[in-house]
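A quick write-up on the structure given underneath.
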Amino acid sequence: MQFTAKQISDFLSGTVEGDETATVSELSKIEDGKKGTLCFLSNPKYEHYIYSTNASVVIVRLDFAPAHKLSCTLVRVKDPYSAFSVLLEKYNEALTMVNEKSGIEQPSFVHPSATIGKNVFIGAFAYISENVVIGDNTKVSPQVFIGADTVIGSNGFFHPGVKIYNRSVIGNRVVIHSNTVIGSDGFGFAPQPDGSYSKIPQIGNVVVEDDVEIGANTTVDRATMGSTFIRKGVKLDNLIQVAHNVEIGENTVVAAQAGISGSTKVGERSVVGGQVGIAGHLFLAKGTQLGAQAGVNFSISEENKQWHGSPAQPLRNWMRASVLFRHLPDMEKRIAKLETNLNTTPQS
């Protein structure tokens with residue numbers, strides 16, 4: 001697939017500076033650009049690459065003013081990063097269409113009671129249980145397990161090794177990456193008088209709404225009763241634990257190795273950094289932003305606020321505390337010196 005700078009500019013509602021007929025057939029990073037590739041410049045610290053890149057076309061901001069002569073053609077847009085993201089999405093869609101599969105590979109198992117939509121692909125060694133419903137254009141990769149009475153929407157993609165337990169509900173355009181488990185038992189055990197633990201049956205399910213993407217090796221536990229909810233537009237990274245009865249609000253993003261304990265509700269449009277730990281039965285207001293490794297053991301009622309540290313605290317407080325923390329060794333020496341002086345001062 002080849003496109004000219006003019007075609008790219010028209011698609012992005014931008015303007016061309018240079019050769020409108022310059023053609024590209026691949027996308028690349030600006031530091032790796034070669035002839036026939038398209039890249040973008042958004043972060044000023046990468047500007048020096050644009051003067052040496054061999055890329056044919058580079059997407060830049062409307063106000064970009066080159067300090068040196070350029071050998072590439074520019075496409076000027078309002079936001080290069082967003083524009084390039086759109087192109088990546090379209091490029092990926094084109095690749096998917098070229099390699100699109102449908103039908104049922106063998107060996108695999110599809111229960112006779114399952115309802116399979118149009119243009120569905122089911123890969124080899126997949127297992128589709130009784131009363132499963134799979135919507136049109138959904139792709140089920142090899143070695144995927146889908147439990148009984150699960151309902152899956154259209155245009156989804158399930159990568160190899162995904163496991164979806166019974167009675168899960170998965171919306172439209174959901175992408176789940178390899179080895180992720182949806183609907184495993186919540187962690188519920190009742191202590192007994194003899195010191196042992198009795199398992200509490202987990203009879204609920206998981207509901208994943210439309211346009212959700214879940215990374216590899218993530219687990220979303222079924223509810224004890226009711227549902228664990230992953231709301232519309234949520235993006236979960238790899239290696240995340242979402243416990244029973246959690247609700248993650250719309251368009252929230254969660255980075256790798258975060259853990260959200262049972263019955264906690266995370267507000268819409270929140271941002272949860274890597275390795276964040278959130279205790280159970282809490283409420284986080286919409287727009288909450290938690291920095292990496294933050295530890296949250298209390299509810300947050302104020303919207304659109306940044307929190308850092310463990311235990312978590314408002315960003316400004318955390319920054320002040322961080323400065324003091326770096327000076328603690330010197331402060332210890334000064335205090336020890338003062339104590340020595342006080343102990344050696346003659347008494348009158």
Tell me whether the count of non-hydrogen atoms from other residues, nucleotides or ligands lying under 6.0 Å of [atom1] in [X] goes above 12.
X: F64; atom1: CZ; answer: yes
X: Y51; atom1: OH; answer: yes
X: K235; atom1: NZ; answer: yes
X: Q106; atom1: CD; answer: yes

Is a side-chain donor-acceptor pair under 3.5 Å present for [Y] with [X]?
X: E213; Y: H177; result: yes
X: Q202; Y: T224; result: yes
X: D19; Y: T73; result: no
X: T219; Y: Q241; result: yes
X: D149; Y: N131; result: yes

In terms of side-chain geometry, is the basic nitrogen of [X] or [Y] positioned less than 4.0 Å from the acidic oxygen of its partner?
X: D330; Y: R334; answer: no
X: R76; Y: D63; answer: no
X: R173; Y: D211; answer: yes

(message) Can you give me the closest heavy-atom contact between A67 and E47, atom names plus distance?
(response) N-OE2, 4.4 Å
Going from [atom1] on [X] to [atom2] on [Y], what distance comes out if it is rounded to the nearest 0.5 angstrom?
X: E20; Y: T15; atom1: CD; atom2: OG1; result: 10.0 Å
X: D136; Y: S154; atom1: CG; atom2: OG; result: 6.5 Å
X: I128; Y: T115; atom1: CD1; atom2: OG1; result: 12.0 Å
X: I278; Y: S261; atom1: CD1; atom2: OG; result: 8.0 Å
X: I230; Y: T252; atom1: CD1; atom2: OG1; result: 9.5 Å
X: C39; Y: K29; atom1: SG; atom2: NZ; result: 11.5 Å

(request) Flag the pair Y46 / H48 as yes when their ring centroid distance falls below 6.0 Å, and as no otherwise. (result) no
(message) Are F84 and F40 an aromatic pair, judged by ring center distance below 6.0 Å?
(response) yes
(request) Indicate the ring-plane relationship of H159 and F157, choosing parallel, tilted or perpendicular according to the 30° and 60° boundaries. (result) tilted
(request) Name all pairs fulfilling the salt bridge (charged side-chain N to carboxylate O under 4.0 Å, His left out) condition that reach into residues 248-266, sequence neighbours left out, sorted by first residue then second. (result) E247-K265
